[in-house]
Amino acid sequence: MKKTIRDIDVKGKRVLVRCDFNVPLDADGKITDDTRIKAAMPTIRYLLEQGAKVITMSHLGRPKGEAKPEFSLAPVAKRLSEIAEVPVVFVDSPVVVDDQVRAAADALEPGQLMLLQNVRYRKEEEKNDPGFSKELASLGDIFVQEAFGTAHRAHASTAGIAAYLPAVSGFLIEKEVRYLGRAVNDPERPFIAVLGGSKVSDKIKLIRNLLDKVDVLLVGGGMAFTFYKAMGLEIGKSILDEENVQLAGELLEMADEKGVPLMLPVDVVCASEFSNDAETVTVARDHIPADMMGLDIGPITCEEYRKIIHSASTVIWNGPMGVFEMPKFAVGTRRIAESIAQCHGTTVIGGGDSASAVKKFGLEGHMTHISTGGGASLEFLEGDELPGISIIEEK
């Protein structure tokens, strides 16, 4: 068990909190989705209420080690202040940590909140440079890891800093580890995994890991066509992960050997072009026209998958069932999302496109847990140790 902020005395201490405030901005620099800021608020509020001097830090975008105004965290400071309902001390330093920043950190009173400038303004951040880790650590007494979205990266502000400060988790990290960890290590059964996305190569490790854990594996999305190809089926102009056709066949064999049903869509929605205006036809998977491409799972598959999902005690979902960004090809993804929302078991959404789909369809409140990290949740579910989690002290 990892230590959390409940396990330490933070009163009067300077607490450095690594958050994931990598929020989308429009052309005018305004935040279009503040979900990630709100996700960190339970931890921030708890620390403020406990009398800590809270110093938050995050990256935003890819400034590539340079102080670029379009990647400034100034809009985040404004929104953070509005949500937290307290003033936020923000020092716009191009080097993130300087004498002015140190003075501001030293001047903080218990219950006050501060935000550092974009940690990726420094090239040392992504290099996990000990010097930059030490600079950041000099601002605080305790380090709190709350950025699950970057926990799979060994960067100065996510991992290196723990060499100089005691490290504990915030409530968000605690929740991520609890639900994702329980899903893959001690799930209530039946345990069903729903996997989508375009390429088999992106999910190889995940499929291999899950085949030792799940009762049924439901596959959709573009990667289904690589499995079809391995089965000798015509896939027309559908997306193909050509380098991994043989591997797809091996995964099918592996599932068979382990006695785990690896289910593929039985019908497919096809179109002649990648367009929301294209004419569509729904066909059985062995009747995909040579001049068309599959862009969504069909209604028979949706119903088959729904029944299996509803029988589950644990469901994890990673990856859409089709090109859900286009309304015409979003039906399969929507129906799977609705099926998971209606499931009475524990439902865990693995971040990324799956989380976006759940939000798009207004189903957030019906899921047990929606991960805040796409890549991080994928690596966690693959069984990898995340650098930003491993540095947290054990109880």
Side-chain angles (χ1 to χ4, degrees), residues 1-8 15-23 35-37 39-40 42-44 47 54-62 73 96 115-116 118-120 122-137 139-185 205-206 318 348 350-352 355 369-395:
M1 292 282 287
K2 297 289 186 180
K3 280 187 180 179
T4 75
I5 50 178
R6 294 188 197 88
D7 300 312
I8 53 168
V15 181
L16 270 168
V17 187
R18 178 47 159 105
C19 301
D20 182 7
F21 292 154
N22 186 28
V23 294
T35 302
R36 287 176 172 170
I37 300 174
T43 288
I44 292 171
L47 292 170
V54 182
I55 304 167
T56 55
M57 55 183 173
S58 177
H59 75 285
L60 176 67
R62 299 179 183 274
L73 282 175
V96 187
L115 174 66
L116 303 183
N118 191 337
V119 290
R120 288 190 185 172
R122 293 281 293 272
K123 63 182 184 298
E124 297 96 330
E125 161 67 3
E126 293 185 77
K127 292 178 180 177
N128 197 13
D129 179 81
F132 186 44
S133 296
K134 202 168 185 178
E135 283 182 55
L136 292 169
L139 300 175
D141 305 303
I142 297 163
F143 172 61
V144 175
Q145 174 61 282
E146 192 67 334
F148 186 73
T150 54
H152 59 315
R153 307 292 187 209
H155 292 169
S157 71
T158 61
I161 191 171
Y164 306 98
L165 291 176
V168 299
S169 80
F171 296 140
L172 180 62
I173 289 282
E174 180 188 35
K175 189 180 177 191
E176 294 276 10
V177 172
R178 181 169 74 245
Y179 282 112
L180 291 171
R182 189 183 298 161
V184 293
N185 297 318
K205 283 183 69 177
L206 180 57
N318 187 287
V348 179
H369 178 63
I370 301 174
S371 179
T372 55
S377 67
L378 186 60
E379 290 192 23
F380 195 103
L381 293 171
E382 287 171 350
D384 292 346
E385 186 173 56
L386 308 188
I389 302 296
S390 63
I391 53 90
I392 299 170
E393 295 179 1
E394 298 286 340
K395 285 189 181 182

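Please read all numbers here as calculations on a predicted model, not as lab measurements. Hydrogens, waters and symmetry mates play no part in the numbers below; they use all other heavy atoms, side chains included.
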K.L.:
Taking Ser377 for its side chain and Gly350 for its backbone only, find out whether a donor-acceptor pair lies under 3.5 Å.
P.N.:
yes

K.L.:
Judged by atom type as modelled, is there a donor-acceptor pair below 3.5 Å linking the side chain of Asn118 to the main-chain atoms of Leu73?
P.N.:
no

K.L.:
Say whether, by atom type as modelled, one donor and one acceptor occur between the side chain of Gln145 and the main chain of Ser169 under 3.5 angstrom.
P.N.:
no

K.L.:
Would Thr43 and Glu146 satisfy side-chain hydrogen bond (donor to acceptor under 3.5 Å, both in side chains), going step by step from the backbone distance to the final call?
P.N.:
CA-CA 8 Å; Thr43 288; Glu146 192 67 334; 2.6 Å; yes

K.L.:
Taking all atoms of both residues into account, what is the closest heavy-atom pair of Phe132 and Ala156, and its distance?
P.N.:
CD2-CB, 3.7 Å

K.L.:
Can a donor-acceptor pair be found, under 3.5 Å and without considering hydrogens, that links the side chain of Arg36 to the backbone of Asp20?
P.N.:
no

K.L.:
Taking atom types as modelled and ignoring hydrogens, do the side chains of Glu176 and His369 form a donor-acceptor contact shorter than 3.5 angstrom?
P.N.:
yes

K.L.:
What are the two closest non-hydrogen atoms of Leu16 and Gly140, and how far apart are they?
P.N.:
CD1-N, 3.9 Å

K.L.:
Pairing donors with acceptors under 3.5 angstrom, does anything connect the side chains of Ser157 and Arg18?
P.N.:
yes

K.L.:
Take atom CZ of Arg62 as the centre, draw a 6.0 Å sphere, and report whether it contains more than 12 heavy atoms from other residues, nucleotides or ligands.
P.N.:
no

K.L.:
So Met57 and Leu115, do their side chains get closer than 4.5 Å, heavy atoms only?
P.N.:
no

K.L.:
Between Lys205 and Asp384, does any side-chain N to carboxylate O distance fall below 4.0 Å?
P.N.:
yes

K.L.:
Is the shortest side-chain N to carboxylate O distance from Glu394 to Lys2 below 4.0 Å?
P.N.:
yes

K.L.:
With a 4.0 Å cut-off on N to O distance, would you call Lys3 and Glu393 a salt bridge?
P.N.:
yes

K.L.:
Would a distance-only check, ignoring hydrogens and angles, find a side-chain to backbone donor-acceptor pair under 3.5 Å from Asp7 to Thr4?
P.N.:
yes

